[in-house]
Amino acid sequence: MSKIILLSLIFSATFLSSCGFHTPRSGTSLNLSVISAKNNAFANELKKHFNPSAAKSLRVEISNETQKKQAASFDKTGQITSYNLSLSVLVKAFKGKKVLLSENFAQTVHLQRVLETQSDRLRITEHYNELRETLIKRLLRKLKRL
């Protein structure tokens, strides 16, 4: 019985992969004209979510993102033990000359047990990337409604 199940799984996987079946990468046909600084990490990540074959419907201006790392708590010796990390970016969307959206997207996360080691600095960078991805998801939901 188990050989039949194994063979059917192999056959199914082979059939689906040969016919070009794949999960959709982007469920949106959204394509925008993005205006930002050249090294803007937020804008570069946002552009990955667009469908380049779709017609450009809006113009979006993205300011430089603001990263804030604020000490939240200290231990008995005065060393910082936790941080509040926040990321914010101002986004404006236009259709022609009409402003459809002007909003400051912001997100904050609290990190505990943080020391000034290399691994903690990498963890902080990873959290900023996660905050950026969360803000991009929120922005894409708003832009789809426009």
Side-chain angles (χ1 to χ4, degrees), residues 5-6 8-10 12-146:
I5 293 173
L6 179 63
S8 64
L9 286 173
I10 291 172
S12 300
T14 306
F15 176 74
L16 289 175
S17 64
S18 67
C19 71
F21 176 80
H22 65 282
T23 56
R25 182 173 169 232
S26 175
T28 180
S29 61
L30 188 64
N31 193 10
L32 307 173
S33 175
V34 178
I35 300 169
S36 66
K38 195 174 195 175
N39 297 332
N40 191 331
F42 187 86
N44 293 337
E45 284 296 316
L46 180 65
K47 289 177 185 177
K48 293 178 183 177
H49 294 274
F50 295 148
N51 182 359
S53 62
K56 294 188 189 240
S57 55
L58 299 173
R59 179 174 47 102
V60 177
E61 293 179 3
I62 299 174
S63 69
N64 289 328
E65 63 185 22
T66 305
Q67 296 181 354
K68 247 189 233 181
K69 182 171 91 170
Q70 182 178 10
S73 64
F74 301 89
D75 64 6
K76 294 176 184 174
T77 63
Q79 297 291 329
I80 298 171
T81 57
S82 67
Y83 287 104
N84 287 329
L85 304 178
S86 64
L87 182 73
S88 64
V89 63
L90 177 64
V91 177
K92 294 181 182 179
F94 300 92
K95 188 164 192 165
K97 292 189 178 192
K98 184 179 178 185
V99 178
L100 300 177
L101 174 73
S102 179
E103 186 173 337
N104 189 24
F105 288 86
Q107 188 76 22
T108 303
V109 68
H110 179 75
L111 294 180
Q112 295 182 349
R113 295 186 294 284
V114 178
L115 304 172
E116 288 299 320
T117 62
Q118 179 67 24
S119 64
D120 285 334
R121 284 190 290 273
L122 291 173
R123 196 173 92 180
I124 288 170
T125 302
E126 181 181 319
H127 278 286
Y128 277 126
N129 290 337
E130 289 173 7
L131 290 173
R132 186 178 300 116
E133 194 62 35
T134 302
L135 292 179
I136 287 172
K137 287 177 185 176
R138 283 182 33 209
L139 175 61
L140 285 173
R141 281 194 301 266
K142 286 208 178 214
L143 289 174
K144 284 178 188 177
R145 283 189 247 139
L146 296 177

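Basis for what follows: all heavy atoms, side chains included, without hydrogens, waters or symmetry-related copies.
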ask   = For Phe94, is the NZ or CZ atom of Arg59 found under 6.0 angstrom from the centre of its six-membered ring and inside 45 degrees of the ring axis?
value = yes
task = Could you please spell out the steps behind the salt bridge (Lys or Arg N to Asp or Glu O under 4.0 Å) verdict for Lys48 and Glu45?
result = CA-CA 5 Å; Lys48 293 178 183 177; Glu45 284 296 316; 3.0 Å; yes
note = Rounded to the nearest 0.5 angstrom, the CG-NE2 distance for Leu143 and His49 is 12.0 Å
Output a table of donor-acceptor pairs, distance under 3.5 Å, between side-chain atoms of residues 95-109 and any protein atom two or more places apart or on a different chain; print 'none' if there are none.
{"unit_1": "Glu103", "atom_1": "OE1", "unit_2": "Lys142", "atom_2": "NZ", "d": "2.8"}
{"unit_1": "Gln107", "atom_1": "OE1", "unit_2": "Arg138", "atom_2": "NH1", "d": "3.2"}

ask   = So, Asn40 side chain and Ser63 main chain: donor-acceptor pair closer than 3.5 Å or not?
value = yes
ask   = side-chain hydrogen bond (donor to acceptor under 3.5 Å, both in side chains) with Asn84: which residues, sequence neighbours excluded?
value = His110
key: side-chain contact (heavy atoms from CB on, under 4.5 Å) evaluation trace for Arg132 with Gln67   = CA-CA 10 Å; Arg132 186 178 300 116; Gln67 296 181 354; 3.5 Å; yes
inquiry  = How close do Leu135 and Phe42 get, counting heavy atoms only, and between which atoms?
reply    = CB-CE1, 3.7 Å
Inter-residue atom distance His127.NE2 - Ser86.OG, 0.5 Å rounding = 14.0 Å
query = For Ser8, which residues count as a side-chain hydrogen bond (donor to acceptor under 3.5 Å, both in side chains) partner, sequence neighbours excluded?
reply = none
key: Approximate separation, where rounding is to 0.5 Å, of Lys144 NZ and Leu139 CG   = 11.0 Å
task = Please round to the nearest 0.5 Å and tell me the distance separating atom CZ of Arg123 and atom CG of Leu85.
result = 9.0 Å
ask   = What residues, two or more places apart in sequence or in another chain, satisfy side-chain hydrogen bond (donor to acceptor under 3.5 Å, both in side chains) together with Asn44?
value = none
note = Paired with Ile136, the side chain to side chain contact (heavy atoms under 4.5 Å, CB included) test is passed by just one of Val89, Leu131, Leu46, namely Leu46
message = Rounded at 0.5 Å granularity, tell me how far CG in Asn129 sits from CD1 in Ile124.
response = 12.5 Å
message = Going by side-chain hydrogen bond (donor to acceptor under 3.5 Å, both in side chains), name the residues that satisfy it together with Glu130, two or more places apart in sequence or in a different chain.
response = none
